[in-house]
Amino acid sequence: MERLNKLEERIIQSSQKSWLDEYPNMLTISDLMEILGIKRTKASELLNREDFPVFRLAGTKIPKHLFVRWIESHTEWLEKNTNFSTPKAI
């Protein structure tokens, strides 16, 4: 429950001027891995999900605003698969 509360705090902060502002509007795979505290294998799994917002026209890019929306809708996946709610990821 505590992890969920921390995750909810993070999501609320992301809608304000926050830690996410340091990243570009189009995130790279490296950005994604850093933000979520995951390795390339888990990032690839995420990028291959049908519901994950990714553009592959000029390399692999993730629109930051759609990524935030995805986070808001997929807290259970994040809790099971990432370090997103730990202090390291903040």
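Residue indices begin at 1 and follow the sequence shown. Just so it is clear, the structure is predicted and the values come from calculations on it, not from any experiment.
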Count I, L, V, M, F, W, Y as connected when their side-chain heavy atoms are under 4.5 Å apart, and connections chain through other members. Are V68 and L46 then in the same cluster?
yes
Hydrophobic clustering (ILVMFWY, side-chain heavy atoms < 4.5 Å, transitive) - are I35 and F55 grouped together?
no
d(R49 CZ, S44 OG) to nearest 0.5 Å is 14.0 Å
Measure the NZ-OG1 distance between K39 and T82 for me, rounded to the nearest 0.5 Å.
13.5 Å
SB check K42 E45 (cutoff 4.0 Å):
yes
So OG1 of T60 and CG of L27: to nearest 0.5 Å the spacing works out to 12.0 Å
Linked, directly or transitively: M33 and W77 (ILVMFWY side chains, under 4.5 Å):
yes
Pairwise side-chain contact, V54 with F67, heavy-atom cut-off 4.5 Å (strictly under):
no
Is there a chain of hydrophobic side chains (I, L, V, M, F, W, Y, each step under 4.5 Å between heavy atoms) that links I38 to I29?
yes
Side-chain contact test, heavy atoms from C-beta onward, threshold under 4.5 Å: evaluate it for P24 versus K64 and give yes or no.
no
In Å, rounded to the nearest 0.5 Å, how long is the span from CG of L32 to NZ of K61?
12.0 Å
How many angstroms lie between atom CD1 of I71 and atom CG of L36, to the nearest 0.5 angstrom?
6.0 Å
Please check if L66 and L47 belong to a single hydrophobic cluster, counting links between Ile, Leu, Val, Met, Phe, Trp and Tyr side chain heavy atoms closer than 4.5 Å.
no
Any Y23 side-chain heavy atom under 4.5 Å of T28 side chain:
no
Working to the nearest 0.5 Å, report the span between CD of E76 and CG of N81.
9.5 Å
Identify the two heavy atoms, one from P53 and one from P63, that lie closest to each other, and give their separation to 0.1 Å.
O-CD, 3.7 Å
